Amino acid sequence: MYSIEQRVFLVLEYHRLKESPTATRRSFQARFNVPKGPDAKTIRTLFAKFQRTGSVTDDLVGNVGRQQTAVTPENVATVSGIIQQNPMSSVRRIAIPVRAVQQRVDFANQMLTMIDSEGFDVGCIWFTDEAHFHLNGFVNKQNWRFWGSENPYWCEAKPLYSLKVTVWAAVCSRGIIGPFFIRETVTSERYVAILEQFVATQQVLEDRPRTEWFMQDGARPHRTEQVFRFLDEYFGNRVIALEYPKFTGAGMDWPPYSPDFTPCDYFLWGTLKDIVYPKHPATLDELESAICVTCESISVETLRNVMANFILRLRHLCCANGEHFENIVM
């Protein structure tokens, strides 16, 4: 019923106006030039949801960590500062839960402590991810942003049903396992089938059995009991995955909203698409074959640089206080 911008405004105004729904409604009417604003129940419900989840768009309690109150004077000051310093920031970007930003900082600090104090080798982490590869070369531009004083009325034509394949791969300093391909919707069962192939290959490569770590992001098919039981059996406490510690009592949480941390995101997918698409594969079989050949061509030296870049990103994130940052050249 209300846009993201309107919901963020309601939450901030309700807190600023000492939780007065009447004053908040009047401020809302003036801000958005509407004759009727939300009633008191709607405002209180929205504010309560924000307190539970830290987000105005997600009502899943605990989806980004332990339950806590997100609306504090410090957090309100932080959000207000972001708006004042970056008046052209999108409201959706500002609406990312404050606690998620803190989780990113906590993860970076924990990893850097392990690296600096305990000599932990990030090269032993298998970073995993999946991405869509469209046969027509279409690249998802959801992260692109264009700012201007006028609407450019720019549009991009694309087919309604573009043939595509989902590619899954694991990357560490020793090499790449995969790629594995799925032409259907990724489900928990299909994901576990890929993990079984990955583990079989990883155990052959591993000269120190069961000492490497496994990382996955927080995609919904990754966060099921079936997946967590599988990872617990093969990796135990050497797992970095969102909600894994809550399920097993071990391992580390992967911070949400963190594609800028994943080597697959900041290196592998872009590299593959830059090399594969200029060859203009005509079928999905040709596309998959080209992806396999390209993965095999990536040198171990390059992958070691990618892992070093991961450490650099951890340090950069601490300096940025958990905020997302631009690409760092390897």
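This structure is a prediction, so every number in the text was calculated from the model and none was measured.
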Please step through side-chain hydrogen bond (donor to acceptor under 3.5 Å, both in side chains) for the pair Glu130 and Tyr191, ending with a clear verdict. CA-CA 10 Å; Glu130 57 212 25; Tyr191 181 59; 5.9 Å; no
Under a 3.5 Å threshold, yes or no: a donor from one side chain and an acceptor from the other, between Thr42 and Asp39? yes
State, with a plain yes or no, whether a side-chain heavy atom of Ile125 is found less than 4.5 Å away from one of Phe120. yes
What I'd like to find out is whether the side chain of Phe9 reaches to under 4.5 Å of the side chain of Ser27, using heavy atoms alone. yes
I'd like to know if the side chain of Gln216 and the backbone of His222 have a donor-acceptor N/O pair within less than 3.5 Å. yes
Do you reckon Leu163 sits in the same ILVMFWY cluster as Phe133, going by side-chain contacts under 4.5 Å, direct or chained? yes
Does the side chain of Ile298 come within less than 4.5 Å of Phe267's, by heavy atoms? yes
Tell me if the centroids of the rings in Trp126 and Phe235 come within less than 6.0 Å of each other. no
In terms of heavy-atom contacts, Val167 and Pro179 come closest through CG1-CB, 3.5 Å
Transitively linked via ILVMFWY side-chain contacts under 4.5 Å: Met307 with Ile311? yes
Can you confirm whether Tyr266 sits close enough to Val306 that some side-chain heavy atom of one is under 4.5 Å from a side-chain heavy atom of the other? yes
Is the closest side-chain heavy-atom distance between Glu243 and Phe228 below 4.5 Å? yes
Shortest non-hydrogen pair, Leu314 vs Ile115, comes out as CD1-CD1, 4.0 Å
Check: Arg238 side chain, Glu212 main-chain N or O, donor-acceptor pair, under 3.5 Å: yes
Val227 vs Pro221 side-chain heavy atoms within contact, under 4.5 Å: no
Kindly give the heavy-atom pair with the smallest separation between Arg7 and Leu46, and that separation in Å. O-CD2, 3.6 Å
Heavy-atom side-chain proximity of Ile43 to Glu19 below 4.5 angstrom: no
Separation of Lys41 NZ from Thr45 OG1 (nearest 0.5 Å): 6.0 Å
Side chain proximity check, Glu13 to Arg16, heavy atoms < 4.5 angstrom: yes
What side-chain donor-acceptor pairs closer than 3.5 Å can you find for residues 284-292, not counting sequence neighbours?
from, atom 1, to, atom 2, distance (Å)
Asp285, OD1, Arg183, NH2, 2.6
Glu286, OE1, Ala282, N, 2.9
Glu288, OE2, Arg183, NE, 3.0
Glu288, OE2, Arg183, NH2, 3.3

What closest approach, in Å, do Phe107 and Met252 show between heavy atoms, and which atom pair accounts for it? CE1-CE, 3.7 Å
What are the two closest heavy atoms between Cys172 and Gly123, and how far apart are they? CB-O, 3.5 Å
Reported CD1-to-SG distance for the pair Ile176 and Cys264, which is rounded to 0.5 angstrom: 8.0 Å
To the nearest 0.5 Å, what is the distance between CZ (Phe310) and CZ (Arg313)? 10.0 Å
Could you please spell out the steps behind the side-chain contact (heavy atoms from CB on, under 4.5 Å) verdict for Asp260 and His316? CA-CA 11 Å; Asp260 48 344; His316 191 87; over 6 Å; no
Between CG on residue Leu268 and CG on residue Leu303, distance to nearest 0.5 Å: 8.5 Å
Might you point out which heavy atoms bring Gln29 and Pro35 nearest each other, and give the distance in Å? NE2-O, 2.7 Å
For Arg26, give me all partners under salt bridge (Lys or Arg N to Asp or Glu O under 4.0 Å), at least two apart in sequence or on another chain. none
Ring-face cation of Arg104 near Tyr257 (centre distance under 6.0 Å, axis angle within 45°): no
Between Thr128 (side chain) and Met215 (backbone), is there a donor-acceptor pair under 3.5 Å? yes
Whether Ser258 side chain and Pro255 backbone form a donor-acceptor pair below 3.5 Å: yes
Among side-chain atoms of Tyr234 and Gln202, is any donor-acceptor pair under 3.5 angstrom? no
Walk me through whether Phe247 and Arg223 qualify under side-chain contact (heavy atoms from CB on, under 4.5 Å). CA-CA 10 Å; Phe247 180 84; Arg223 294 179 288 130; over 6 Å; no
Using 30° and 60° as the class limits, which term best fits the ring planes of Phe32 and Phe28: parallel, tilted or perpendicular? tilted
Determine, using the 4.5 Å side-chain heavy-atom cutoff (strictly less than), whether Val105 and Met114 are members of one ILVMFWY cluster. yes
Sequence neighbours excluded - salt bridge (Lys or Arg N to Asp or Glu O under 4.0 Å) pairs with any residue from residues 303-312: none
Sequence neighbours excluded, which residues qualify as salt bridge (Lys or Arg N to Asp or Glu O under 4.0 Å) partners of Glu296? none
Go through Trp168 and Ile182 one step at a time and tell me if the side-chain contact (heavy atoms from CB on, under 4.5 Å) criterion holds. CA-CA 8 Å; Trp168 186 95; Ile182 302 178; 5.8 Å; no
I need the Arg220 CZ to Leu242 CG distance, nearest 0.5 Å. 9.0 Å
Sorted by chain and number, sequence neighbours left out, salt bridge (Lys or Arg N to Asp or Glu O under 4.0 Å) with Arg31 holds for Glu5
Would Leu17 and Val11 show up in the same hydrophobic cluster when neighbours are defined by side-chain heavy atoms closer than 4.5 Å? no
Could you tell me which residues satisfy salt bridge (Lys or Arg N to Asp or Glu O under 4.0 Å) with Arg229, sequence neighbours excluded, listed by chain and number? Glu225
Verify the cluster assignment for Ile275 and Val165: are they in a single hydrophobic cluster under the rule of side-chain heavy atoms below 4.5 Å apart? no
Among Tyr244, Trp254, Phe198, which residue meets the ring pair (Phe, Tyr, Trp, His ring centres under 6.0 Å) test with Phe214? Phe198
Take atom CD in Glu301; do more than 12 heavy atoms of anything else shown fall under 6.0 Å from it? no
To the nearest 0.5 angstrom, please state how far the OG1 atom of Thr187 sits from the CD atom of Gln226. 8.5 Å
Check the pair Phe47 / Leu10 against side-chain contact (heavy atoms from CB on, under 4.5 Å), numbers first and verdict last. CA-CA 8 Å; Phe47 187 76; Leu10 285 171; over 6 Å; no
